[in-house]
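Here is the structure we will look at, set down as structure tokens.
Just so we're on the same page: letters track the sequence lines, and every chain starts at 1. Everything numeric in this text was worked out from a predicted model, so none of it was measured. Computed over heavy atoms, backbone and side chain alike; hydrogens, waters and symmetry mates excluded.
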2 protein chains.
Amino acid sequence: MIEPYSKKKHIYQAGAKLFHEKGYAATSMRELATQVQLEVSSLYSHINSKEQILQAVCFDVVKQFADGIETIFGDTHSAKQKLKDIIELHLKIITENQTNFNVFNKEYIHMSEPKLSEFLKLKKEYEKKFISILKEGIKLGHFKNLDPVFIMKTLFNSMTWVHEYYKPNKGVDLDMINKSMYKLLISGIKKKN
Amino acid sequence: MIEPYSKKKHIYQAGAKLFHEKGYAATSMRELATQVQLEVSSLYSHINSKEQILQAVCFDVVKQFADGIETIFGDTHSAKQKLKDIIELHLKIITENQTNFNVFNKEYIHMSEPKLSEFLKLKKEYEKKFISILKEGIKLGHFKNLDPVFIMKTLFNSMTWVHEYYKPNKGVDLDMINKSMYKLLISGIKKKN
DNA sequence: GTCTATACGATGATAGAC
DNA sequence: GTCTATCATCGTATAGAC
């Protein structure tokens with residue numbers, strides 16, 4: 001293996017899993033220690049604090065969003081194509097980081113300052129680019145004339161649950177989810193006649 | 001006042017607010033006591049446990065959903081009209097119970113058995129009625145032929161954030177949100193040409 | 001109903017031996 | 001790096017005086 005087995009990584013992953021299942025505040029270091037078969041105190045040879053694990057997860061995910069939107073934002077496609085790419089980006093991140101995305105989405109609030117503000121800043125920058133793409137599409141008359149913030153929030157939240165649905169070994173793959181979600185979000189529930 | 005001031009109700013409301021702001025597990029009884037200007041021990045003259053507050057909130061909201069969908073399910077409207085009513089029901093519950101809805105949506109997991117199972121049963125029953133309405137609309141060719149579970153989950157989550165947007169004193173009222181959301185969900189982001 | 005006092009287990013984190 | 005032992009604090013909840 002290029003990447004050698006790392007106990008540190010193991011602790012981070014087990015931590016994220018517990019945060020996902022029970023919530024950050026309800027997860028104890030003792031439980032995490034049990035999961036990775038160490039005594040509690042031994043954890044601290046690998047990490048500095050419980051919150052450090054949360055920070056790593058949240059920043060990892062928010063950076064994936066930031067990088068993704070920067071690429072989309074920077075290229076020369078139409079607003080319509082960019083929106084399609086954004087939906088694809090979301091679904092890719094959510095399905096590829098099921099555990100981490102959930103922690104990012106629900107538990108970030110438990111970070112303390114100054115990390116919390118740093119995190120929120122990255123999130124805000126992402127949203128600004130998202131909104132400006134929506135604005136462009138509205139201006140060009142391709143998207144409905146609704147508040148872009150309203151559209152963005154609706155879109156973002158509409159996709160937050162898909163990790164529950166994603167079962168790649170049972171025939172529910174990313175491509176199928178992409179197509180269904182795109183149809184639903186772009187042209188709505190109503191069937192054309 | 002018809003409804004006399006009740007310290008018990010005050011405690012429940014303050015509790016829900018804290019659960020909403022900090023999460024159930026991260027909220028302490030000491031903090032709640034401070035909020036309602038009592039000593040911790042005095043709280044227990046009004047409530048039996050912290051979890052009791054969570055239970056009250058979660059069951060209150062899930063019953064609003066259950067009652068609402070039963071009415072919609074039982075009447076003679078078309079599937080299209082029923083779906084419109086469901087969207088309206090969601091938005092009404094979310095905006096009228098901003099704090100409680102959030103706790104219901106994010107913190108229910110912290111209930112212990114057997115209350116948790118009881119709660120999940122009510123939620124499931126609600127979802128079944130929702131799905132059967134979607135199935136009917138699909139069968140009649142009014143809705144797109146997508147997995148009704150996929151549609152339901154997307155719809156539900158797309159609306160979970162609107163309490164952040166609802167500012168009735170600043171011109172953002174329920175009627176406006178209803179119209180925007182209906183447009184967006186039924187016919188999508190794409191503008192007709 | 002509210003208080004003071006307290007029970008007592010769980011919490012995140014550290015010290016120091018090996 | 002891992003352990004045992006321990007710390008200080010906080011958690012929910014109770015007992016009993018007033």
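- A cation-pi arrangement is found for B:K115 relative to B:F59, the charged atom lying closer than 6.0 Å to the ring centre and inside a 45° cone about the ring normal.
- The side chain of B:S42 places an N or O atom within less than 4.0 Å of a non-bridging phosphate oxygen (OP1 or OP2) of C:dC3.
- The nearest whole Å value for the distance from the CG atom in A:N48 to the C1' atom in C:dA13 is 11 Å.
- Contacts of B:L38 with the nucleic acid, taken as non-hydrogen atoms under 4.0 Å apart, involve only primed sugar atoms and P, OP1 or OP2.
- If you chain together hydrophobic residues whose side chains sit under 4.5 Å apart, B:L146 and B:L140 never meet in one group.
- A:K92 has no carboxylate O lying under 4.0 Å from a charged side-chain N of A:E88, or vice versa, which leaves the two without a salt bridge.
- For the pair B:Q37 CD and C:dC3 C1', the interatomic distance rounds to 15 Å; values are reported in whole Å.
- Regarding contacts with the backbone of D:dT2, a side-chain N or O of A:K7 is found under 4.0 angstrom from either OP1 or OP2.
- The NZ-P distance, from A:K50 to C:dA10, rounds to 15 Å in whole Å.
- Regarding A:Y44, its OH atom lies at a distance of 7 Å from the P atom of C:dG12, rounded to whole Å.
- Proximity of B:S28 to the phosphate of D:dG11: a side-chain N or O atom is located under 4.0 Å from OP1 or OP2.
- What separates CD1 of B:I47 from P of C:dG1 is a distance of 13 Å, to the nearest Å.
- Whole-Å rounding puts the B:I11 CD1 to D:dA13 P distance at 13 Å.
- A:M29 has its CE atom 7 Å from the P atom of C:dG12, to the nearest Å.
- Residue side chain B:S49 does not reach the base of D:dT12 through any donor-acceptor N/O pair under 3.5 Å, judged by distance alone.
- Atom NE2 of B:H110 and atom P of D:dT12 are 12 Å apart (whole Å).
- Between B:R30 and D:dG11, a side-chain N or O to OP1/OP2 separation shorter than 4.0 Å is present.
- Nearer the 5' end of DNA chain C, as judged by each residue's closest nucleotide, is the contact made by B:S41, out of B:S41 and A:A26.
- Note: A:Y24 and A:F19 have perpendicular aromatic rings, judged against thresholds of 30 and 60 degrees for the angle between ring planes.
- Annotation: cation-pi pair B:K129/B:F65 absent, no NZ/CZ under 6.0 Å from the ring centroid and within 45° of its normal.
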